[in-house]
**Q** 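Have a look at this one.
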Amino acid sequence: MKIKKLMFVTKFEDLGFDAIQALLSMRKASLEHIVFMNVIEREKVAMQRGVGYKKDEAVRMKEAANIRFIDWAERLFEQGMEVGVYIQVGTLAAEVTKAVQKEEADLVVIGRTHKTALEQFYSGSTVTEMIRRVSVPVLVYKPVSDSPFATGQPFERPLLATDWSPASLRGIDYLVNLKGLIEEVEVVHVADQKDIEGTSAMHAQKTRKDTKSRLEELCRRFQDAGIAARSHVYVGDPEEEIEKAARESQATLVVLGSSSKNLWMERWIGSTPRAIAEKSAFPTLLIPPAQK
Amino acid sequence: MAKKVLTVDDDPDVRLFTTTVLEENGYMPVEAGNGEEGLQMIQSEKPDLIILDVLMPRQSGIRLYRELRTNKSLAKVKVIILSGIAKKTFLRSQQALTEFGETAVPEPDFYLEKPVDADVLAETIKKAIG
């Protein structure tokens with residue numbers, strides 16, 4: 001699960017060269033190739049009554065993107081990095097999926113979307129669509145100014161939130177490969193309020209102790225790999241508690257296993273990883289379940 | 001027999017441009033859309049000259065150029081770099097890779113920065129392979 005090649009998907013207003021500079025610390029691990037991608041949404045240049053396909057507009061937008069990418073690529077080439085570029089007209093999630101397969105990328109980096117809840121419901125959130133389609137982890141990068149404890153090194157103090165799902169446990173293998181970049185990992189589980197409601201204090205303490213013990217096992221996997229790790233148990237709403245845990249531990253990144261719920265279920269009942277990826281102030285790394 | 005020239009560029013407009021210039025000047029054009037495909041074509045087509053872009057999917061021209069110059073059987077093939085990437089960046093990147101422990105490679109025979117006039121391209125091709 002080494003990250004040798006990352007695909008940097010940008011609309012320019014959401015992700016810029018400052019994000020790439022922060023991610024370049026991953027060279028200490030194994031990063032050697034960055035592929036830039038810009039997708040011009042089809043509706044911006046699509047066939048319209050009385051106007052037709054706006055070919056000139058598509059060419060203008062492609063050239064504008066190309067000029068930005070050439071400038072970024074020059075800076076990376078000069079540091080000995082390998083760089084590639086895709087500028088496509090189409091649907092973001094579909095084009096990114098195709099390019100990830102073609103390039104065999106190990107990580108996709110995207111910016112936060114700014115759609116309203118209603119728009120997300122109708123159009124499907126970019127993050128959800130992307131996670132559902134690509135088989136590699138997705139890092140939802142947040143601008144440094146949005147992250148309370150931003151150090152410019154997103155992998156310095158990751159918080160791994162686990163619900164014991166296989167995808168969240170895969171996060172351990174992923175982070176272990178980034179050893180040289182990590183100062184300490186905070187491993188967190190958010191227990192369900194129902195598990196301790198209406199029971200004795202002793203029962204609640206036992207729940208906490210059992211959970212802590214499971215978390216300690218995960219911490220040992222990090223410690224065995226030479227990475228400091230600390231466990232924490234929280235109780236309540238996962239979305240709120242993970243954000244709280246990230247603030248309290250001054251995390252630089254939240255790592256979550258992505259859900260395998262189907263799209264309609266996610267749209268109706270929501271998804272914690274998706275909600276955190278889109279709303280949290282912290283950069284969020286979503287790890288997909290292993291491919292069958 | 002016409003000399004064979006391979007264009008390696010992901011932009012179909014650029015490939016069309018170079019193909020037209022090559023045909024008008026009596027060369028035989030062949031083309032590839034990225035570095036990996038380019039390397040396969042170089043081995044199968046054995047071109048006399050390669051017109052090589054730098055910023056491409058799958059494998060950049062910087063890497064492909066390095067592979068050519070460090071492969072004994074391909075090291076003598078003439079190369080024109082035709083790219084939006086500045087020549088000084090290309091040279092610095094090769095220098096950075098050498099500093100990281102990779103084999104040092106010579107400068108490309110010819111370097112043209114996009115956009116390029118048809119006349120300038122034709123003249124450079126002629127200088128390279130006659």
**Q** Judged by modelled atom types alone, do A:E78 and B:T89 share a side-chain donor-acceptor pair under 3.5 Å?
**A**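 Short answer, yes.
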
**Q** What are the two closest heavy atoms between A:G80 and B:L97, and how far apart are they?
**A**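 Of all heavy-atom pairs spanning A:G80 and B:L97, the closest is O-CD2, 3.4 Å.
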
**Q** Measuring heavy-atom distances to chain B, does A:F77 have an atom under 4.5 Å in its side chain, in its backbone, in both, or in neither?
**A**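 For A:F77, the contact with chain B is made by backbone and side chain together.
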
**Q** Is A:V83 close to chain B through its backbone or its side chain, or both, or neither, when contacts mean heavy atoms under 4.5 Å?
**A**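 Contact with chain B is through both the backbone and side chain of A:V83.
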
**Q** Quick check for you: to the nearest 0.5 Å, what is the distance between A:E103 atom CD and B:Q59 atom CD?
**A**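 So the CD of A:E103 and the CD of B:Q59 are separated by 10.5 Å.
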
**Q** For each of A:M81, A:H33, A:R75, A:K102, tally heavy-atom pairs with chain B at distances under 4.5 Å, and name the one with the top tally.
**A**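 Looking at each option in turn, the highest pair count goes to A:K102.
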
**Q** Given B:R58 and A:E104, is the salt bridge (Lys or Arg N to Asp or Glu O under 4.0 Å) satisfied, shown in steps?
**A** CA-CA 9 Å; B:R58 293 290 300 168; A:E104 299 172 75; 3.3 Å; yes

**Q** Any donor-acceptor pair under 3.5 Å linking the side chain of A:E74 with the backbone of B:A86?
**A**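 Flag set: sc A:E74 to bb B:A86 pair under 3.5 Å.
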
**Q** Which atoms form the tightest heavy-atom contact between A:I70 and B:G84, and what is the distance?
**A**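 It is CG2-O, 3.7 Å.
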
**Q** Name the region of B:I85, side chain, backbone, both or neither, that has any atom closer than 4.5 Å to a heavy atom of chain A.
**A**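 Both backbone and side chain.
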
**Q** Based on non-hydrogen pairs under 4.5 Å, which of B:S83, B:S60, B:A96 is most in contact with chain A?
**A**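 Ranked by contacts with chain A, first place is B:S60.
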
**Q** Near A:K4 NZ, under 6.0 Å, is it more than 12 heavy atoms from other residues, nucleotides or ligands?
**A**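 Result for NZ/A:K4: open.
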
**Q** Looking at every non-hydrogen atom in both residues, tell me the closest pair between A:R27 and B:F100 and how far apart they are.
**A**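 Nearest heavy atoms, A:R27 then B:F100: NH2-CE1, 3.2 Å.
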
